[in-house]
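Working notes for the structure below.
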Protein chains: 2
Amino acid sequence: MPVDLQRFFPYRIARLADAVSRATAQVYAERFDLSRDEWRVLAALAELGEVRTSALMEHSTLDKMQVSRAVTRLAGAGLVLRSPDPADGRGYLQRLTPAGRAMHRRIVPMVRAREAFLLDALSPDQRAALDAALDAVHERARVLLGDG
Amino acid sequence: MPVDLQRFFPYRIARLADAVSRATAQVYAERFDLSRDEWRVLAALAELGEVRTSALMEHSTLDKMQVSRAVTRLAGAGLVLRSPDPADGRGYLQRLTPAGRAMHRRIVPMVRAREAFLLDALSPDQRAALDAALDAVHERARVLLGDG
DNA sequence: TATTGTTATACTCTATAACTATA
DNA sequence: TATAGTTATAGAGTATAACAATA
């Protein structure tokens, strides 16, 4: 018996994530010329303040190369400042510049508005249920992938 | 005020889809050496029988180039057979070979088992709610993207 | 000897458009 | 003149490993 692709969960979630991702990227990519990775690093730094690369990796689900490249490009654009980590000579601390914070402040209301538009399709109850379901399924996926 | 990236919906859904996608790809990619696009075309042909390229495009959410390449590779591997469309000399009809059907029959129980494992984290009610919520949010995303 | 982070390289994907053949 | 599908090509993203510096 064939798989009904249209109802197959991995297919549906992939298509949804793609649509949501493109809808969000319209803001940070088209209007602010940031890649997805750069946007994630920008958002992570806005939350975390001044942190080491390893903290950025964890917080953005990016690997060290992706973080390295994103930070290099953001630094080149004057949005991020990096300095040697006094506690570990191999590493760096990175933080937003005033320009980086300013850009973040401009992007946030726009992406939040899009997020709100997406989720306003749901009642508060539905929203809480979706929240819990996504977490539960993600947990299962981690088991299948063997990482926690 | 910063975005809490960990709770930001587009980020969460992207991470979940990535995890689910990798968990599913472990089956069709590692064990059967298919790309995601090839798997989608295989699944679509198993459902649809003998169809034109345009039907594959719609059913798999792939564009004509992606379908063209996937079909070419599947045909080279003896899994798909293509023949000229008698009703339209520009197009082709493609269908699975016995080998293609056999591979599909082997893959389906495995990916279904993974899907079931993911969704068994939810009660039937939760599952129905998730279903409806994903459709509703997807509909909103389509509005943002301006395609329906 | 292990870890942090960069650089190099190769590979896969994606996006665009040019092109052939047919409608 | 428009459409179905292929081919070409360039750009972006991804994955692996080699590497330098420090722990």
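This one's a predicted model, so the numbers in the text were calculated from it and none came from an experiment. Lettering of chains follows the sequences in order, A, B, ..., and the numbering in each one begins at 1.
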Please give, in whole Å, the distance from C:dT12 C1' to B:R36 CZ? 12 Å

Check nucleotides 16-23 of chain D against the protein and report each pair of N or O atoms closer than 3.5 Å, with its distance, or say if there are none.
from: D:dA23; atom 1: OP1; to: A:G89; atom 2: N; distance (Å): 2.8

Parallel, tilted or perpendicular, as decided by the 30° and 60° cut-offs, for the rings of A:F8 and B:W39: perpendicular

Select base, sugar-phosphate, or nothing to describe what A:S54 touches, counting heavy atoms under 4.0 Å on all strands. sugar-phosphate

Please name all residues satisfying side-chain hydrogen bond (donor to acceptor under 3.5 Å, both in side chains) with B:E58, sequence neighbours left out, ordered by chain then number. none

Partners passing side-chain hydrogen bond (donor to acceptor under 3.5 Å, both in side chains) against B:D63 (at least two apart in sequence or in another chain): none

Here's a test for you: under side chain to side chain contact (heavy atoms under 4.5 Å, CB included), which of B:L56, B:L96, B:T53 qualifies with B:V41? B:L56

For DNA chain C, find the residues of residues 22-32 of chain B with a heavy-atom distance under 4.0 Å and give them by number; none if there aren't any. none

Between the CD atom in A:Q26 and the CZ atom in A:R31, the distance rounded to the nearest 0.5 Å is 10.0 Å

If you measure from the Lys or Arg side-chain nitrogens to the Asp or Glu carboxylate oxygens, is any gap between B:R142 and B:D135 under 4.0 Å? no

For C:dG5, does either OP1 or OP2 sit under 4.0 Å from a side-chain N or O belonging to A:S68? no

Considering residues at least two apart in sequence or located in another chain, which fulfil the side-chain hydrogen bond (donor to acceptor under 3.5 Å, both in side chains) criterion with B:R95? B:E50

Scan for salt bridge (Lys or Arg N to Asp or Glu O under 4.0 Å) pairs involving residues 100-121 of chain B, sequence neighbours excluded, and state none if there are none. B:D120-B:R127

Taking only the side-chain nitrogens and oxygens of A:T53, find out if one of them lies under 4.0 Å from OP1 or OP2 of C:dG5. yes

